[in-house]
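What follows is a short report on a single structure.
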Amino acid sequence: MQPLHPESTSRRPVWMWAGGAAGLGLALAMFLNNSGPLTDAAASRPTTGTRVVSGAVVFGDGASFTRDDHGGCAGIGAHADVIDGAQVLIMTTGGLAAGRLTDPQALTDGTCRFRFSVRGVPTGQDAYLVMVADRDPRQYTEQELTGAPVSLRVD
């Protein structure tokens with residue numbers, strides 16, 4: 001005898017996850033390959049190696065984070081994904097490099113700051129997408145990622 005109301009499962013089929021991942025990969029590839037026409041200098045510029053990109057993620061709105069008893073902080077509400085250990089991805093047509101948010105600090109100016117360092121970022125690329133946790137990626141040039149630490153503001 002079969003039950004009148006079969007138990008529903010909340011699991012999504014594997015093909016749905018695979019399709020979503022394939023779609024995301026295709027969209028990323030299209031974005032990175034459509035960064036505009038290449039000049040002769042840019043088209044002939046090879047990847048010469050890798051570098052380390054360091055920086056900070058800052059919450060400027062006190063309503064976006066909570067403080068802990070040890071001087072640290074973490075995102076809340078819509079920013080709950082920005083926490084100690086959250087992933088930082090830097091994507092280019094030359095590859096992908098990953099790091100993590102570290103050292104969360106609630107500062108006296110009312111902001112919350114996390115530091116990050118990403119090793120193995122390919123050099124010689126025209127565009128770099130930086131994505132923190134589940135935030136929307138932001139595009140940078142190599143020059144913007146070179147020198148001073150990168151500062152990403154989350155409000």
Side-chain angles (χ1 to χ4, degrees), residues 12-68 72-107 109-155:
R12 303 230 188 271
V14 172
W15 62 266
M16 187 178 287
W17 291 110
L24 180 62
L26 179 62
L28 179 62
M30 290 173 60
F31 174 80
L32 292 174
N33 288 326
N34 192 23
S35 59
L38 295 176
T39 63
D40 288 338
S44 64
R45 185 173 50 186
T47 298
T48 57
T50 62
R51 67 179 312 269
V52 176
V53 173
S54 297
V57 174
V58 178
F59 280 112
D61 178 9
S64 300
F65 67 92
T66 184
R67 299 169 187 267
D68 65 24
C73 54
I76 58 172
H79 303 291
D81 57 333
V82 182
I83 58 172
D84 189 25
Q87 196 166 47
V88 178
L89 297 175
I90 301 181
M91 301 165 276
T92 71
T93 55
L96 171 76
R100 299 240 175 237
L101 293 179
T102 61
D103 192 28
Q105 293 183 349
L107 304 175
D109 65 358
T111 61
C112 170
R113 182 188 66 213
F114 294 85
R115 296 188 186 278
F116 68 87
S117 186
V118 179
R119 298 182 186 284
V121 177
T123 58
Q125 304 298 303
D126 291 322
Y128 294 80
L129 288 179
V130 178
M131 188 168 88
V132 176
D134 289 330
R135 309 283 98 200
D136 290 333
R138 296 181 186 176
Q139 184 172 340
Y140 292 87
T141 64
E142 184 169 22
Q143 188 175 22
E144 291 171 316
L145 297 179
T146 305
V150 177
S151 182
L152 301 167
R153 191 161 181 92
V154 179
D155 289 316

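Hydrogens, waters and symmetry mates play no part in the numbers below; they use all other heavy atoms, side chains included.
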Less than 4.5 Å apart, any side-chain heavy atom of E144 and any of V150? no
Within the side chain of S54, is there an N or O that forms a donor-acceptor pair under 3.5 Å with the backbone of P149? no
Looking at A106 and G72, what are the two nearest heavy atoms and their distance? CB-O, 3.7 Å
I'd like to know whether CZ of R119 has more than 12 heavy-atom contacts from other residues, nucleotides or ligands below 6.0 angstrom. no
CD1/I90 to CE/M131 distance, rounded to the nearest 0.5 angstrom? 11.5 Å
Heavy-atom nearest pair, P104 first then F114, reads CB-CE2, 3.3 Å
Roughly how far, to the nearest 0.5 Å, is the OG1 atom of T123 from the CG atom of L145? 11.5 Å
On a heavy-atom basis, the closest approach of F116 and A56 is CE2-N, 3.5 Å
Between Y128 and T92, the two heavy atoms sitting closest are CD2-CG2, 3.0 Å
Taking all atoms of both residues into account, what is the closest heavy-atom pair of I83 and A74, and its distance? CG2-CB, 4.1 Å
Enumerate the residue pairs fulfilling ring-ring contact (aromatic ring centres under 6.0 Å, His included) with a member in residues 74-106, sequence neighbours excluded, ordered by first and then second residue. F59-H79
Would you check if the side chain of T102 reaches a backbone N or O of R115 as a donor-acceptor pair within less than 3.5 Å? yes
Do we see a donor-acceptor contact under 3.5 Å between the side chains of Q125 and T93? yes
To the nearest 0.5 Å, what is the distance between CG on L101 and CG on D84? 7.5 Å
Any donor-acceptor pair under 3.5 Å linking the side chain of R138 with the backbone of L152? no
Say whether, by atom type as modelled, one donor and one acceptor occur between the side chain of T111 and the main chain of L107 under 3.5 angstrom. no
Determine yes or no for a side-chain-to-main-chain donor-acceptor pair under 3.5 angstrom, with Q105 supplying the side chain and R113 the backbone. no
Determine the minimum heavy-atom distance between A98 and Q87, stating which atoms define it. CB-NE2, 3.9 Å
Among pairs that include at least one residue of residues 112-155, which meet disulfide (SG to SG under 2.5 Å), considering only residues two or more places apart or in two chains? C73-C112
